[in-house]
Amino acid sequence: MKQGPARRRRRTAGGALLLAPPGTAALVGPFVTPADIPSDGMPYARGDGHPLGTDALGRDVLTLVLRGGASALGVACAAVALAVAVGAVLGLAAAASHRRWLDDLLMRPVELLLPLPSFLVISVVGVGWRGQPVAVALAVAALNVPAVARLLRATALDAASGPVAEAMRLQGESPTRILFGHVGRAVLPVAAADAGTRVGATVFTVAAANFLGLGLDPTSPDWGVLIAASREALFVQPWAVCAPTLLLVMFTVGANLLADGLMPRGAEPGGRAAAWNQ
Amino acid sequence: MEPVIEVRGLTARAGTATLLDGIDLTVAPGEVTALVGPSGSGKTTAALALLGEAAPGVRLTGTVSVAGTQVVSAQGPTGSAPAARGRLVAYMPQHPAHALHPARRIGPVLTELARLHRPDSARSRSAAAAHAAVALRTAGLPDGGTIRRRFPHQFSGGQRQRVALAQVLACGPRVVVLDEPSTGLDTVARMRLAGELTRLVDGGITVLLLSHDLDLVRAVAARTVLLARGRVVATGPTEDVLPAEPPPAPPASASGPLPSPEGDSRGEVTALQAHGLSAWIRPGHRGEVLHDVTVGVREGGCTAIVGPSGSGKTVLARCLAGLHERHRGRISLFGESLPVLRHRTPRQIRGVQYVWQEVRNSFDERRTVVEQVARTAVRLRRLSPEAAERRATEVCERLGLAPGDTRRHAASLSGGELQRAALARALLAEPDVLICDEITTALDAASTELVTAELARLRRESHTAVLWIGHDLELVERLADDLVVLDEGTVVESGGCHSVLSSPGSETTRLLLRSRHLGTRSASPSAPAPPDVRGEEEPCP
Amino acid sequence: SSADAGSSTPKKGGTLRAAFPGAGVKETMDPHAQQQFIDIARHKAVFDKLVDLDATLRPVPRLARSWSGDDSSRVWRFELHRARFHDGHVLDADDVLYSLSRILDPKAADHLARKSLSHVDLANSRAVGKHGVKIALTRPNAEFPALLAMTGTAIVRNGWDDPRHPVGTGPFRFHSFAPGRSFVARRFDDHWNGAPHLDEVRILSAETEARAAALQSGEAHYAHEMTPTFARMVAHDSRVRVVATPLSGAQGFALKTDRPPFDDPDAAMAVKLLIDRKRLVDVVCAGRAEIGNDLYGKGYTYYPDGLEQRERDVAEARRLLRRTGVLNTTVSFYTSTAADGFPQAAHLFREQAGEAGLRVKIVNGPPETYFTDVLTKGTVTNHRCGAMPIPTYLSERLLTDSPQNATAWEHRDFDDAFTAARATADVRKRTERYRSVQTTLRDRGGLVLWAHPEWLNAVSRTLRGVKEAPPNTVDWARFDTVWLD
Amino acid sequence: MARYALRRCGWTVVQLAVLSVVVFLLTNLLPGDAATVDFNEQAGLDQVAQLREQMGLDRPLSERFVDWTGSLLTGDLGTSLVGGEPVSEVLSRSVGVTAALAAITLLLLVPLAVVLGLLTGLRAGGRTDRVVSAVTLTLASVPDFVLALLLVGVVSLRLGWLPATWVGADDQWWQRPELFVLPVTVLLARTVGGLSRQIRAGTIASLNAGYTVQARRLGVPPARLVLRHVLPGAAVPGVQELARAGDQLLGGVLVTEAVFAIPGTATALVEAVRNRDVPTVQALTLALAAVACLLNLVADLVGRRLAPRTEVLR
Ligand SMILES: Nc1ncnc2c1ncn2[C@@H]1O[C@H](COP(=O)(O)OP(=O)(O)OP(=O)(O)O)[C@@H](O)[C@H]1O
Ligand SMILES: Nc1ncnc2c1ncn2[C@@H]1O[C@H](COP(=O)(O)OP(=O)(O)OP(=O)(O)O)[C@@H](O)[C@H]1O
Ligand SMILES: [Mg+2]
Ligand SMILES: [Mg+2]
């Protein structure tokens with residue numbers, strides 16, 4: 001029983017620790033690096049005044065990595081935030097609506113998008129609006145909305161039609177309070193855990209689109225672009241690939257651990273599961 | 001004879017609280033032993049200890065052995081406890097709705113349990129199926145049609161209770177521990193249960209019965225152990241421990257019979273009225289469970305609704321409270337038509353309050369009980385949060401709940417405690433009409449007194465109308481002035497409580513009445529037919 | 001690194017697996033509709049052309065043993081080898097004439113040579129003796145034989161029109177073909193130029209990563225078009241050898257000369273002066289290129305020698321920019337990932353132009369349609385060109401009606417000067433005239449060619465006999481003369 | 001249940017119909033068309049125009065769509081604008097490999113994720129949980145193309161244990177199981193983490209549920225308890241996640257097919273998009289979408305079976 005919270009805290013702390021380097025790079029990096037990173041070295045050079053070597057254009061990888069976090073994480077986080085926001089509104093509204101037609105009206109169009117291959121959308125957006133992070137973020141968000149909305153609707157429906165919600169209604173609680181006070185709290189850990197995995201997946205959707213040659217400007221310092229563009233040098237100048245990859249991995253793992261930390265007590269070890277473990 | 005259950009110095013502690021304080025208990029084989037005591041006295045805790053188990057955060061010491069196997073030692077539960085569960089001792093929990101797997105049909109689970117614990121079923125499917133059938137029948141569920149293919153949510157509250165009982169029986173244990181098995185059972189079913197318990201004992205099974213239902217205890221238990229605040233205060237033959245048969249007609253005690261305000265002025269104004277109410281379970285008007293029901297309750301009056309388990313009482317109550325939206329018909333409060341809950345004004349919400357039958361699920365695990373109770377006053381009576389909390393504590397205390405209890409989360413409260421908290425939650429609204437759906441099932445006599453006294457006070461002082469749903473006809477007779485008998489979703493009889501009970505006009509009522517007196521051992525357990533389980537057809541989405 | 005090529009004596013037998021960048025369903029076995037290198041390589045195994053090109057992009061005999069034009073360069077006579085088709089038929093003039101008529105079929109929009117051969121006068125062309133053919137032109141062209149060496153000019157069997165069953169005179173006999181995947185052909189022992197050493201060739205489609213991995217793991221013996229980074233990676237790999245062909249085309253920028261600011265040759269000159277060619281070569285080509293002098297075709301026939309190398313002169317560039325009013329204005333650079341190094345070159349260009357006071361806005365376009373888009377879009381664009389004879393390059397890209405006129409260089413007097421040069425039968429005079437045409441272009445045109453990159457192929461050590469040759473020349477992708485150890 | 005299934009199937013058909021319009025519009029939104037792409041770098045604008053006319057791309061959008069739908073209803077998927085082959089042939093040529101790849105991945109994924117999810121869920125917070133969770137999480141967090149390149153670099157090129165690519169193996173791939181090892185590993189790494197984490201969360205929730213506690217009190221032995229009582233509840237979120245993994249798998253397949261030169265559907269789709277080959281893109285996307293819809297349908301039906309109470313909710 002005692003170990004539970006401590007372990008949770010450790011997990012959360014671990015998550016935060018992992019998030020720190022990529023987060024700092026993304027937040028502080030743009031202020032300490034020039035907007036146009038000079039190409040002043042040989043391509044894929046190692047050492048030579050560049051602690052992490054250079055990229056294909058002879059730019060300093062360390063500077064690039066500092067510069068490119070904002071767009072890599074920005075696009076992913078913005079896309080996921082948008083997807084979760086829209087998905088939550090849709091899902092919660094659908095779950096809270098007592099009319100089936102309203103539920104259908106909200107969910108059906110969203111479900112239509114569900115089987116749309118994300119690759120096609122990304123490629124249309126990538127090709128049509130080349131190098132525009134906003135467009136990529138919007139497209140990725142749009143792709144994620146259906147799944148988020150469905151997941152949250154299902155979770156919320158359970159909570160919104162359960163006896164607790166009924167009791168609250170009988171107490172005269174306003175629908176908003178029921179939605180945010182009870183349903184929202186039931187949904188939050190699910191949404192957080194989901195968002196944690198989604199941010200990671202999104203970073204890679206964008207990176208993979210770059211790998212296939214659709215999407216952002218190939219000379220931009222974005223981590224995903226950097227990985228994709230330098231991949232052929234994996235064994236020549238490993239840092240050009242590994243530095244951004246490591247940061248991305250740290251970010252996604254950290255985000256996931258942090259999301260775990262937000263899980264409700266009951267679902268955590270040392271909580272009620274102890275009843276089973278004895 | 002060797003005792004089957006030997007408990008020596010069993011102590012249970014949670015944090016600094018002592019839930020059980022060195023109790024001793026001996027149960028002889030082949031008889032029903034009852035464990036009674038007020039709500040919160042530690043019955044459930046003691047019963048779980050027989051399985052070598054404790055609720056989370058509760059530590060056990062002492063010795064407990066069941067059929068020669070020691071399950072609790074001075075160091076807590078022993079390693080041989082798991083093997084004893086199911087095979088030697090099987091436990092039926094207090095909240096069976098909570099304990100049934102929502103995604104598994106009841107039949108396969110029963111067969112599975114039989115195959116696990118019964119040597120003859122391990123190989124043979126048909127033997128296991130036969131045991132399952134017997135278990136169902138013994139538990140009072142008809143073993144016909146597609147009932148074994150149903151999911152738990154497709155049963156009514158009382159039926160779910162019996163499914164849980166059937167699961168226990170399917171294991172074929174030496175000892176069964178039943179935690180409030182008669183909760184939610186109508187008199188007929190309760191009578192049958194009593195009969196089955198007797199038959200179980202005759203079949204060589206030892207029964208430990210945890211119950212508030214003293215009539216049931218008297219009817220079946222040879223010996224009784226009385227618990228109070230975690231200690232055994234009395235033990236011996238039932239007649240000695242629970243001597244006085246209650247008088248057939250209740251005495252004019254404080255909680256006593258209808259102190260009708262201002263003579264017989266009740267009856268003038270109808271508070272809540274439902275007219276031509278039909279309700280169904282599934283969308284598209286499918287699965288109709290109420291057919292053209294008309295009920296009413298007068299200002300300051302009390303209308304009781306009785307009927308066999310599964311007859312639609314809860315659905316009716318939920319319709320009136322506005323929670324069940326799939327209905328047709330007119331519901332009015334003081335002549336003003338009532339829409340479904342979502343469309344009710346705060347005034348109308350305040351007007352009609354509902355107390356749940358299965359109360360545990362209606363509490364939020366994230367907030368303390370008192371916090372939740374107080375919200376009613378904040379929202380519906382516009383009190384400040386502090387004032388509301390004071391009010392809440394006050395009402396709870398009147399119902400016998402200590403402030404320390406209500407400041408915990410719902411999970412750590414006993415069944416009876418929660419039931420009263422739920423009542424307090426509704427009472428804080430100071431409603432015009434209070435719908436009580438079997439709110440005393442987990443209460444001991446004293447607590448029941450507190451509850452009925454509080455209701456009587458409200459009726460007297462605030463002219464609150466009460467719609468009472470219950471199986472306990474004694475209580476109904478004491479409380480209600482009008483009576484509606486429901487069967488299979490139809491009103492089979494209604495009228496003045498006294499007149500209906502004294503000269504029943506329908507077969508259902510007669511059946512219910514015939515089984516009311518359990519305490520007298522003359523009652524024939526085998527008489528009534530098992531209540532039918534309606535809706536045999538496989539429900540489609 | 002090519003020292004050990006062909007050092008041992010040829011061995012017979014074996015299956016060669018060669019990996020080329022694939023083009024999916026676009027791949028075809030119709031030699032007249034060939035577009036991609038992989039098509040050309042496949043067709044080269046099954047078919048032959050009348051003429052091919054050597055490493056300096058001069059026509060050399062193939063099926064045509066020899067040729068001669070009349071004084072006006074309007075009528076050309078080719079003597080044919082007694083080459084045998086895979087079905088046993090011996091090549092004759094009708095096959096040649098049929099092939100030409102098939103190439104020129106007005107309905108076949110995908111026959112690439114149709115345009116460059118449009119001046120063939122089929123009605124007046126005919127067989128001469130059993131193994132000769134006379135081809136008449138509607139206008140004089142001294143470079144006609146070189147045109148017969150271009151893409152989409154293979155000789156097919158008279159009457160043949162079924163790409164699923166290709167029948168040619170080539171060193172390998174067709175076996176099977178799945179577009180975007182693989183092609184198998186077996187040795188043709190009766191090849192007019194001697195039977196190949198290999199039993200079988202397989203030409204496989206694979207993207208960059210896959211080609212690299214396949215070669216390193218021994219799943220392929222030959223990988224076409226590798227990157228400098230790959231070359232760097234396998235520099236010490238004992239299993240793989242890089243075959244680098246110098247001077248295999250050109251890399252540069254194209255300035256649109258029909259619109260401001262580069263309609264003013266001085267503004268274009270400023271760009272030619274402001275770029276840092278060495279840096280571009282070092283970064284974009286990883287140093288594997290010769291520095292360009294704004295002229296196409298270094299090392300090829302007709303390349304004007306003796307012109308001094310253009311060097312960076314930022315001050316002069318700035319002066320020119322100021323004079324033309326372009327200083328501190330912004331031009332748009334339309335780039336794309338259509339080819340390796342394009343966006344990188346654009347990026348460097350922006351950096352270098354910035355140093356001279358010219359601002360550049362980079363616009364990224366879709367790679368799939370880039371080379372068509374650049375005909376109309378952008379002020380500055382990327383430019384690249386594989387190996388081809390200089391006159392062909394000029395006529396395809398720099399005449400008013402050229403299909404790929406990316407600099408929008410439309411000057412009638414230039415067209416006339418070029419046409420006159422091409423019609424000149426005398427080699428010396430012709431060379432002289434070409435030189436003047438090219439210097440005009442270098443001084444006033446919109447092409448900024450800063451590199452002649454190496455072409456990098458990689459082969460496994462067991463593959464012998466692979467020669468350095470620019471793409472589209474006779475020894476490139478030639479598998480009848482190689483063998484496996 | 002049968003009614004629900006029917007309704008759900010009907011809805012799937014509507015989904016596919018609407019999707020075909022969306023895909024048609026999306027593909028036509030791409031800049032350039034098949035004719036331009038085909039002649040990129042090779043020919044002049046007049047030749048492009050001629051080709052465009054031959055491909056029928058000069059006709060209005062609606063007319064082309066009506067034509068396409070009409071022939072689709074007669075079972076004809078049209079002809080590829082680029083290769084001139086029937087689209088059905090392109091489809092049938094590429095579908096086998098991808099289907100095999102996906103099937104093998106799924107066959108391994110489901111048991112693996114269930115085992116890992118249960119293991120970590122039952123030992124939640126313990127050493128096993130932490131180690132397994134860390135490994136799956138990290139694997140899922142490495143971009144798949146980096147993982148693929150690393151695997152190829154180490155396992156194939158350095159150690160020489162497995163073939164590095166499918167180059168040249170297109171005609172006998174089904175006889176060479178070793179070809180599948182690396183691609184399937186990459187695909188698994190991408191999906192197993194998410195799925196097992198969902199099952200882990202479900203397991204923890206299910207372990208806490210009253211029904212599990214009661215089943216244990218009735219003496220159901222641990223192994224059985226996990227399989228018959230915990231798993232059905234734990235699988236609910238997993239089933240939905242599995243349906244979602246379909247799309248993820250496609251994304252993964254795209255990259256794996258590119259790295260390993262696997263001539264599958266994803267490669268065909270990328271190529272068709274590059275070529276602006278509308279009929280092929282249409283057919284391939286619809287095929288993929290149909291699979292996705294089918295997965296969703298199955299997930300919904302299974303999910304409904306695993307959580308039958310939802311039928312009453314709405
Ligand atoms: N974790 C806990 N911490 C503190 N007190 C607890 C905890 N769990 C249970 N209790 C208290 O222990 C007492 C005994 O609980 P138990 O459930 O055994 O009562 P019971 O006799 O079964 O009551 P009922 O008849 O109402 O079911 C109750 O007062 C309850 O509030
Ligand atoms: N969610 C449901 N799905 C299917 N059937 C249901 C559902 N809820 C109730 N029923 C059925 O409706 C009928 C009436 O149920 P209800 O809960 O009103 O009975 P009740 O009279 O309150 O019984 P009890 O005394 O056992 O609580 C029962 O037959 C029950 O099986
Ligand atoms: Mg209890
Ligand atoms: Mg009920």
Side-chain angles (χ1 to χ4, degrees), chain A residues 1-5 93 95-104 154-190 262-278, chain B residues 15 48 52-58 76-77 81-82 97 283-284 318 321-325 340-350 352-367 372-382 409-411 422 425-426 428-429 431 435:
Chain A
M1 194 66 180
K2 283 246 176 57
Q3 287 179 333
S97 75
H98 292 269
R99 300 195 194 285
R100 189 147 166 178
W101 62 262
L102 187 59
D103 186 4
D104 283 352
T155 321
L157 194 57
D158 223 30
S161 54
V164 177
E166 286 186 341
M168 290 179 79
R169 271 155 62 199
L170 258 183
Q171 289 182 298
E173 297 282 17
S174 66
T176 351
R177 188 173 163 116
I178 299 180
L179 202 58
F180 293 106
H182 169 62
V183 179
R185 280 170 74 171
V187 165
L188 189 69
V190 179
L262 293 176
M263 289 280 268
R265 284 285 215 94
E268 264 297 293
R272 278 178 294 158
W276 194 82
N277 283 326
Q278 46 179 252
Chain B
L48 284 180
E53 238 189 61
V58 175
R318 288 171 52 83
L323 289 167
H324 190 95
E325 299 194 355
V340 296
L341 184 62
R342 284 182 295 116
H343 301 305
R344 289 188 186 173
T345 59
R347 167 80 197 76
Q348 288 170 326
I349 295 179
R350 220 211 74 212
V352 181
Q353 282 288 314
Y354 171 67
V355 187
W356 265 259
Q357 177 175 13
E358 276 160 359
V359 76
R360 188 166 291 274
N361 294 336
S362 75
F363 281 95
D364 188 351
E365 291 291 344
R366 296 184 198 84
R367 294 179 287 156
Q372 296 179 57
V373 171
R375 279 302 289 178
T376 312
V378 175
R379 293 295 305 175
L380 296 175
R381 302 232 56 99
R382 303 263 154 240
H409 287 259
R425 182 170 60 185
L428 278 192
I435 305 171

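Naming: A, B, ... by sequence-line order, numbering from 1 per chain.
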Most heavy-atom pairs under 4.5 angstrom with chain A, which of B/Phe363, B/Tyr354, B/Trp356? B/Trp356

The interface call for B/Arg318 against chain A, heavy-atom contacts under 4.5 Å, is side chain

Smallest separation among heavy atoms of B/Ile349 and B/Leu341, with atom names: CG1-CD1, 3.9 Å

Exercise: identify the closest heavy-atom pair between B/Ala426 and B/Val355: CB-CG2, 3.8 Å

Can you tell which of A/Pro175, A/Ser174, A/Gly172 has the highest number of heavy-atom pairs within less than 4.5 Å of chain B? A/Gly172

Where do B/Ala429 and B/Arg350 come nearest, in terms of heavy atoms and distance? O-NE, 3.1 Å

Quick one: does A/Arg177's side chain get under 4.5 Å of A/Gln171's, heavy atoms only? no

Looking at B/Ala422, B/Ser362, B/Pro346, B/Ala321, which makes the most heavy-atom pairs under 4.5 Å with chain A? B/Ser362

Segment of B/Val352 engaging chain A (4.5 angstrom heavy-atom cut-off): backbone

Heavy-atom proximity to chain A below 4.5 Å, by part of B/Leu380: both

Which answer fits B/Val58, side chain, backbone, both or neither, if we ask what part of it has an atom under 4.5 Å from a heavy atom of chain A? neither

A/Arg169 and A/Ile178 have their tightest heavy-atom pair at CG-CD1, 3.2 Å

How close do B/Thr376 and B/Arg425 get, heavy atom to heavy atom, and via which atoms? OG1-O, 2.9 Å

Contact class of B/Arg344 relative to chain A, heavy atoms under 4.5 angstrom: neither

